[in-house]
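Before any comments, here is the structure.
To find a chain, count down the sequence lines: A is the first, B the second, and so on, and within it residues start at 1. Since this is a predicted model, take the numbers as computed values, not measurements.
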Amino acid sequence: MTATAAPVLALRGVSKRFGAVQALTDVDLEIRPGRVTALVGDNGAGKSTLIKTIAGVHAIDSGTISWKGKDVRVARPADAQDLGIATVYQDLSLCDNLDVVANLFLGREVRRWGVLDQVTMEKRSRELLDSLSIRIPSVRIPIASLSGGQRQVVAIARALVGSPEVVILDEPTAALGVEQTAQVLDLVERLREQGLAVVLISHSIADVRAVADEVAVLRLGRNNGVFDVATTTGEDIIAAITGATDNAVTRRRTRKDGSDSHE
Amino acid sequence: MTATAAPVLALRGVSKRFGAVQALTDVDLEIRPGRVTALVGDNGAGKSTLIKTIAGVHAIDSGTISWKGKDVRVARPADAQDLGIATVYQDLSLCDNLDVVANLFLGREVRRWGVLDQVTMEKRSRELLDSLSIRIPSVRIPIASLSGGQRQVVAIARALVGSPEVVILDEPTAALGVEQTAQVLDLVERLREQGLAVVLISHSIADVRAVADEVAVLRLGRNNGVFDVATTTGEDIIAAITGATDNAVTRRRTRKDGSDSHE
Amino acid sequence: GEAGGDDNSGDGGGEGGGGSESGTIGLLLPEDRTTRYEAFDRPYIEDKIAELCEGCDVQYSNAGEDVNTQKQQFDAMLTQGVDVIILDAVESTSTSAWVEEAAAEGVPVVAYDRLAEGPIDAYVSYDNVRVGELQGQTLLDALGPDAEGANVVMINGSPTDPNAAMFKEGAHSVIDQSANVVFEQDVDGWQAPDAGQDMTDAIEALGDDGFDAVYVGNDGMAAAVITALESAGITDVPVGGQDAELAGLQRIVAGQQSFTIYKALQQEAETTAEIAVALLRGEDIADLAPDSADSPTDSGIPSRLFDPVAVTVDNILDTVVADGFYTVEDICTAEYADACAAAGIS
Amino acid sequence: MSKDLAPDPRLLVRERGLAGYVEDFRRRLRGGELGSLPVIIGMIVIAIVFEAQTGSFLTPRNLTNISVYIAGPGIMAVGIVLVLLLGEIDLSVGSMAGLSAALWAVLSVSNGVNDLVAIVLAIGAGAVVGSVHGFFFAKVGVPAFVVTLAGFLGWSGVQIWVMGDEGTINIPRDSFVRDLNSFYFSDIAAAYVLAAVVTGGYVFALWRQERRRQAAGLPTRPTSEIALRGALVAAAAFITAYTLNQHRGLPLALVIFLVVLLLADFMVRRTTYGRQIFAVGGNAEAARRAGINVDRVRLTVFVIGGALAALGGLFYAAQAGGASKSLGSGNLLMNVIAAAVIGGTSLFGGRGWIWSALLGTLVIQSITTGLNLMGMSSEIQYMITGAVLLLAVVLDSVSRQTQRSAGRT
Amino acid sequence: MSKDLAPDPRLLVRERGLAGYVEDFRRRLRGGELGSLPVIIGMIVIAIVFEAQTGSFLTPRNLTNISVYIAGPGIMAVGIVLVLLLGEIDLSVGSMAGLSAALWAVLSVSNGVNDLVAIVLAIGAGAVVGSVHGFFFAKVGVPAFVVTLAGFLGWSGVQIWVMGDEGTINIPRDSFVRDLNSFYFSDIAAAYVLAAVVTGGYVFALWRQERRRQAAGLPTRPTSEIALRGALVAAAAFITAYTLNQHRGLPLALVIFLVVLLLADFMVRRTTYGRQIFAVGGNAEAARRAGINVDRVRLTVFVIGGALAALGGLFYAAQAGGASKSLGSGNLLMNVIAAAVIGGTSLFGGRGWIWSALLGTLVIQSITTGLNLMGMSSEIQYMITGAVLLLAVVLDSVSRQTQRSAGRT
Ligand SMILES: Nc1ncnc2c1ncn2[C@@H]1O[C@H](COP(=O)(O)OP(=O)(O)OP(=O)(O)O)[C@@H](O)[C@H]1O
Ligand SMILES: Nc1ncnc2c1ncn2[C@@H]1O[C@H](COP(=O)(O)OP(=O)(O)OP(=O)(O)O)[C@@H](O)[C@H]1O
Ligand SMILES: [Mg+2]
Ligand SMILES: [Mg+2]
């Protein structure tokens with residue numbers, strides 16, 4: 001399982017510019033089935049931009065995306081979905097005016113004689129949300145009235161409605177409580193066991209080390225190394241992220257250890 | 001300093017209902033100067049709703065809010081600001097169409113002969129952002145084009161523009177990288193040293209234990225205990241949050257410890 | 001009139017005749033939603049001018065019932081250097097400043113159909129108050145002996161259109177003498193569907209027998225009024241309009257509408273064209289405009305005033321058809337062939 | 001795994017029985033979630049006031065007239081509701097209506113094209129015009145406001161041009177278009193059968209759904225609620241039928257309007273396409289990311305809107321007794337948009353329902369008719385219409401005030 | 001602490017000198033961030049086409065006329081831009097303009113009130129009307145669309161009522177209102193002095209700011225850029241002045257319009273209040289949470305919009321030669337809103353600039369005047385106006401397409 005299967009999705013030399021900002025420069029990334037690839041980097045490093053190019057939200061300026069060895073053009077989100085890529089965006093991308101069920105099945109509605117099958121969708125929604133241990137007052141209230149964490153779980157549950165081959169999670173646990181976070185990490189492991197390729201963006205080195213197989217680091221829009229989790233320490237990863245061994249994290253730790261060690 | 005000073009802000013018996021959802025029921029909370037009060041709870045527990053009642057975003061249905069011992073009515077955000085409460089909202093509440101400088105000084109613009117003093121504001125913006133170690137392409141680009149973490153830092157920096165007595169941070173580090181998180185925790189400690197009262201909402205027990213003096217737990221919209229950080233373990237807090245000692249977190253930990261202990 | 005700007009001196013191909021055989025005449029009409037202006041006034045005037053003066057151009061603008069648009073079109077004509085302007089004003093009382101401007105540049109202005117204020121050079125028209133009187137009188141005539149004390153519904157033109165106010169004034173002056181106006185409504189923008197609703201509501205308010213005749217501002221609205229009456233099953237009430245639109249004439253033939261007001265537009269238009277060309281050439285217009293009219297700003301304006309004619313089924317052949325305004329074929333389409341035959345129109 | 005996740009303890013469940021409804025209603029009242037109730041109350045007030053003033057507002061005949069008048073603007077308003085759900089606006093409905101009437105009249109009357117073919121062509125032309133707007137909006141990216149403003153001017157130019165020398169064209173006596181205004185199913189049975197079908201269909205659909213929900217283990221409505229809703233619908237339907245039969249029977253115009261409403265409502269609430277309209281209106285970027293073909297949804301909504309405006313134009317011509325160069329100009333556009341908004345559809349997209357086309361046109365038409373019955377002079381009519389429009393929405397807005405600041409997260 | 005945080009290495013800095021500008025321009029072109037350039041290009045194309053067709057479009061006289069015509073709608077458009085920045089719309093500008101003209105005329109001409117007092121009262125009435133709209137919108141919470149729609153109807157009723165029996169009231173020869181249309185500063189110096197003041201003020205302000213930025217250690221523009229911008233403004237100002245002097249000199253109308261534009265631009269970009277307008281338009285809830293008195297901002301914007309509509313109405317009456325019952329109805333409303341949108345102000349709030357009022361009215365007026373000069377028949381005028389409106393925005397939209405999907409986070 002940990003053997004290096006052929007990548008299901010590979011990016012080569014991807015660049016992307018927004019106006020005067022060069023967000024990505026010559027980025028490579030390989031995603032393999034049955035493996036969890038963590039994508040880490042500082043704020044503004046370009047992680048979200050990178051996965052949005054995969055998801056078809058942004059067209060790339062240069063570089064290639066290949067799917068199972070064949071070059072593909074991912075011009076629209078629908079293209080990525082057709083390939084089998086499901087994405088949970090950092091900003092969640094939910095429709096505030098629609099209720100939870102409608103959001104979960106948006107673009108993949110269950111129909112019966114051509115008509116929306118509300119009953120089936122509601123039933124499956126409840127099951128999906130229960131499996132992620134979230135408590136939502138009612139699956140029929142609009143997303144706008146949910147708490148931050150509740151929305152995030154809805155966004156994650158959405159990715160599971162289709163049957164994707166690649167699941168991309170952009171900071172999926174940012175707003176989640178401890179229990180829900182644990183559930184999502186469990187979910188990631190279940191997906192890996194099912195042979196799916198998972199891309200996980202996270203700022204939590206602990207979470208990354210807990211579930212990822214390998215870690216790709218982005219720094220200022222460029223690749224800054226790919227690490228095998230089993231053989232790398234958290235310090236190494238942080239150093240790659242911040243670009244320095246002397247950073248606020250280490251300074252803070254040193255200070256803490258030095259001054260008050262009541263912790 | 002760690003002695004129990006009189007609370008600067010105290011909530012008693014606060015309740016709040018949204019339509020058919022009873023979001024808060026009889027909640028009490030005390031906030032003291034020079035102390036960091038962590039507010040924790042499961043997703044949808046009502047944390048954001050609670051701090052929004054303090055910030056004047058939602059009017060409370062029943063209960064009282066008292067400021068330095070006197071009952072006050074906080075009907076609008078401007079009321080809370082006048083008292084000296086600065087709030088960083090979970091959804092950030094930034095104006096996407098305005099640039100970084102304009103957002104930072106919104107409602108507190110620096111003027112010179114009655115006219116906006118763009119130069120001074122831009123200068124102070126750069127200083128503020130630098131102190132939080134965030135790299136932003138330009139302080140003159142609209143918020144809409146910033147990454148999730150960059151926005152969050154802007155929102156945090158905003159709270160520091162006035163000279164508040166109480167600072168409320170709703171999941172301030174959710175989208176932040178390791179370095180920025182460390183900076184924000186440093187900031188919280190600096191604020192405490194300056195004698196400010198800080199309310200910190202976070203799902204990260206580690207962060208809470210690192211900076212908070214006491215932890216108030218909400219569960220399903222009700223108080224579920226206040227703990228002194230120095231004398232409580234993380235497990236106790238998690239148990240109070242989830243309402244059970246057997247939860248996904250402990251299960252996950254047990255499983256991990258049992259199966260593969262390469263961690 | 002003196003030649004306008006030097007930019008159009010070459011227009012007419014430089015014929016001899018003292019330079020006045022070429023020139024541009026500006027024609028400003030007020031609106032484009034009723035038939036007459038685009039279908040009759042404009043072609044009549046253009047054709048007549050072409051006939052009288054080979055080297056002349058006509059520059060045409062239609063204001064779509066907006067004063068400011070018309071003012072801009074007026075200015076545009078001065079900019080283009082026209083030599084004479086024929087002005088059918090949207091708001092005839094607003095024009096004094098414009099006409100003064102034209103006069104200052106030596107461009108004569110002929111007021112057409114509506115008496116524009118300001119130092120105009122000539123005025124050719126049907127008197128709008130007179131039109132209203134004729135409408136009222138014909139309506140009473142249609143009622144015959146029942147006219148005394150009859151109940152009349154009045155559906156007037158737009159409250160914002162000064163001409164509608166004149167029609168209304170004229171009609172009232174006649175109707176009020178012998179009959180009662182039991183329901184009256186101004187229709188914004190002459191909108192036919194609204195007129196139809198007003199009629200339906202009038203029937204509702206007055207009852208089926210609560211009125212004996214309906215005065216309608218124009219033929220377009222009369223169509224809707226008749227539809228409303230027929231929907232309510234009322235067919236024996238005289239309804240009169242104005243404009244002699246083809247559709248109105250057809251309804252008259254079919255017996256749905258009692259009369260319309262016909263202004264012999266060709267006469268009016270051609271006289272105006274003759275006056276304009278005469279002014280262009282600097283000739284005397286006393287023969288063409290023997291009457292005299294007074295406006296609030298000027299008096300003794302050389303004028304030519306025509307009398308409108310009420311058209312009923314009895315005199316269609318003698319009026320609109322005889323003038324070539326519409327042919328029998330135009331009126332008697334398949335739909336109306338039987339009615340035409342019955343009315344002896346062929 | 002779903003150990004204690006069943007119902008959220010904070011969700012206030014409605015008590016069984018009448019008390020539950022009363023409590024629920026009081027809560028909604030306080031929370032400002034009244035839906036269309038304020039508008040319905042507003043309309044009842046309007047009706048009572050006018051009846052008191054004129055004594056003839058509530059006669060079967062007047063109510064029948066109103067039901068015929070609302071068909072044309074109402075059908076156009078259905079199109080506008082769809083466009084508003086998208087978060088856009090269509091300023092060209094009046095011009096499209098006028099153009100469609102002109103096309104029909106010129107084709108059928110002047111060129112002898114078969115009446116029904118001409119009707120289909122006119123409606124088709126509306127769809128084509130809508131697709132032009134949709135193309136510029138969805139594909140080229142010009143704001144819909146600008147596209148339809150250009151259309152507002154351009155198409156009324158085409159309308160004048162199509163009418164050519166004819167200022168007005170009468171509707172032939174045997175044309176189907178005339179029936180749009182004046183045909184009534186005079187058999188008493190017709191109205192009652194329609195009422196029965198509507199009520200029966202509604203109750204059956206509700207009952208079927210609850211049975212399926214029960215089978216799936218989902219929360220259901222109590223039978224008493226189904227009965228109550230059925231009774232309300234039945235009352236409304238049968239009282240309307242009775243009233244119409246008192247005059248001339250069931251107007252064809254109303255039947256067509258109802259069919260359009262029911263179809264549009266079905267489309268919006270029960271099909272994938274309707275869901276997509278709401279999604280695009282709520283958050284177009286999120287809809288795109290969900291794989292929805294946003295451009296297609298936008299384009300097709302404008303096509304439907306164009307076709308409905310064209311159909312409405314034929315009703316409008318039927319009312320006017322003919323097609324003319326000025327048909328569709330004037331206040332028609334504003335009335336239609338106002339109807340959609342008054343009925344409760346948001347101008348900002350993603351919120352609303354099809355029935356606001358019915359409610360809104362009813363309010364506006366009632367005011368106009370009532371003032372006409374009173375014989376108010378037109379400037380007073382303007383003022384009162386303005387004031388009543390405002391009042392009809394004020395009640396709704398005041399109740400909504402309470403929930404205004406209910407921000408998010 | 002700010003160790004390596006100086007400039008972001010990914011930010012592409014413009015090279016010094018001309019090459020930098022060219023590169024920058026090419027990048028913007030590709031990225032679709034052209035600002036008002038497409039509209040300006042569109043206008044140049046329009047001017048060239050009309051000049052070729054008529055030979056008199058670019059004459060000083062015609063350009064002077066255009067500069068006078070745009071003042072009225074342009075001033076109203078400034079108010080609309082402010083309202084649009086709030087994310088709202090004002091459908092009542094036409095009615096307010098008409099009402100203000102009617103009030104002024106009745107007061108000053110029929111009732112013998114002093115001319116200037118009557119003018120002030122008319123503008124004040126506009127402000128009062130605006131505050132009524134603002135109250136219902138901001139305090140009661142009725143959507144601005146509905147409030148101003150009600151105003152659109154109601155105030156035009158009041159206008160007709162105020163005019164009473166007088167269909168039209170002529171502007172007296174000695175009234176200041178007449179000067180709004182026909183007074184020219186015929187001294188050649190006037191236009192040149194104004195041009196010099198505008199250019200000088202612009203360059204001085206720019207230079208002052210750059211000096212302060214330099215002193216504060218902030219990035220500055222190169223002097224070459226200041227020179228270039230100054231030269232462009234000077235060219236535009238002096239060419240305009242020269243052209244105007246060729247005909248009758250500097251029109252009073254243009255001076256007042258420019259003053260309104262400059263004041264509004266100053267208010268919007270340089271004051272706290274302007275910042276608040278943008279904030280409320282961008283995200284009203286965020287603005288409220290920032291302590292901004294959202295209701296006050298909304299109310300005052302409607303007051304300013306009302307006063308500007310009233311002022312514009314006086315210009316409009318001056319142009320027409322009198323106040324009438326129909327003044328301000330017709331296409332004025334649509335033209336004014338279209339001007340704001342064409343000039344680049346978003347309908348969805350928070351994005352735009354005051355100068356779009358100038359650009360947009362210029363485009364629309366140029367089309368109208370050009371077509372008038374050509375003597376187009378009116379239905380063709382409608383069609384061409386529609387088509388050109390669309391084209392004027394298509395260029396902008398197409399270039400913007402590229403950045404359309406530039407979603408967030
Ligand atoms: N639509 C856009 N327009 C302009 N610049 C953008 C846009 N989106 C992203 N950027 C810029 O690109 C850079 C990378 O942003 P991105 O969102 O990919 O960062 P990230 O790695 O996801 O950061 P975070 O951890 O904070 O979410 C940032 O500097 C940001 O300002
Ligand atoms: N505006 C609203 N309308 C209706 N219900 C709301 C609204 N805001 C919050 N709620 C409900 O109130 C409950 C508490 O929400 P709140 O946002 O306070 O949770 P939270 O503790 O901040 O959760 P999280 O950690 O996920 O941010 C949730 O069940 C939510 O659905
Ligand atoms: Mg990101
Ligand atoms: Mg929260």
Original post:
More than 12 heavy atoms of other residues, nucleotides or ligands under 6.0 Å from CZ of A:Arg111: is that the case?
Top reply: no
How far apart are the C-alpha atoms of A:Leu98 and D:Arg275, what are their side-chain angles, what is the distance that settles it, and do they pass the side chain to side chain contact (heavy atoms under 4.5 Å, CB included) test? CA-CA 9 Å; A:Leu98 297 181; D:Arg275 180 61 51 85; 4.3 Å; yes
To the nearest 0.5 Å, atom CD of A:Gln118 lies from atom CZ of D:Arg212 at 10.0 Å
Minimal heavy-atom distance between A:Cys95 and D:Ala279, with the atoms involved, is SG-O, 3.5 Å
So CG of A:Leu106 and CZ of D:Arg289: to nearest 0.5 Å the spacing works out to 13.0 Å
Rounded to the nearest 0.5 angstrom, the CG-CZ distance for A:Asn97 and D:Arg351 is 5.5 Å
Under 4.5 Å to a heavy atom of chain D? For A:Arg124 that would be neither
Heaviest contributor of heavy-atom pairs below 4.5 Å to chain A, chosen from D:Ala215, D:Gly349, D:Pro219, D:Gly217, is D:Pro219
Sorted by chain and number, sequence neighbours left out, side chain to side chain contact (heavy atoms under 4.5 Å, CB included) with D:Ala216 holds for A:Val119, A:Lys123, D:Leu218
Counting heavy-atom pairs under 4.5 Å with chain D, the top scorer among A:Ala55, A:Ser93, A:Gly107 is A:Ser93
Among residues 60-74 of chain A, those lying within the under-4.5 Å heavy-atom range of chain D are none
Whatever's closer than 4.5 Å to a heavy atom in chain D on A:Arg158 counts as side chain
Query raised in the report: Is there side-chain contact between A:Leu116 and D:Thr272, with at least one heavy-atom pair below 4.5 Å?
Result: yes
Can A:Arg76 and D:Asp295 be counted as an ion pair, charged N to O under 4.0 angstrom?
no
Rounding to 0.5 Å, atoms CH2 (A:Trp113) and CZ (D:Arg270) come to a distance of 13.0 Å
Does D:Arg211 have more than 12 heavy atoms from other residues, nucleotides or ligands lying within 6.0 Å of its CZ? no
For D:Val197, the side chain to side chain contact (heavy atoms under 4.5 Å, CB included) test, sequence neighbours excluded, returns D:Val193
Contacts of D:Arg213 meeting salt bridge (Lys or Arg N to Asp or Glu O under 4.0 Å) (sequence neighbours excluded), chain-then-number -> A:Glu122
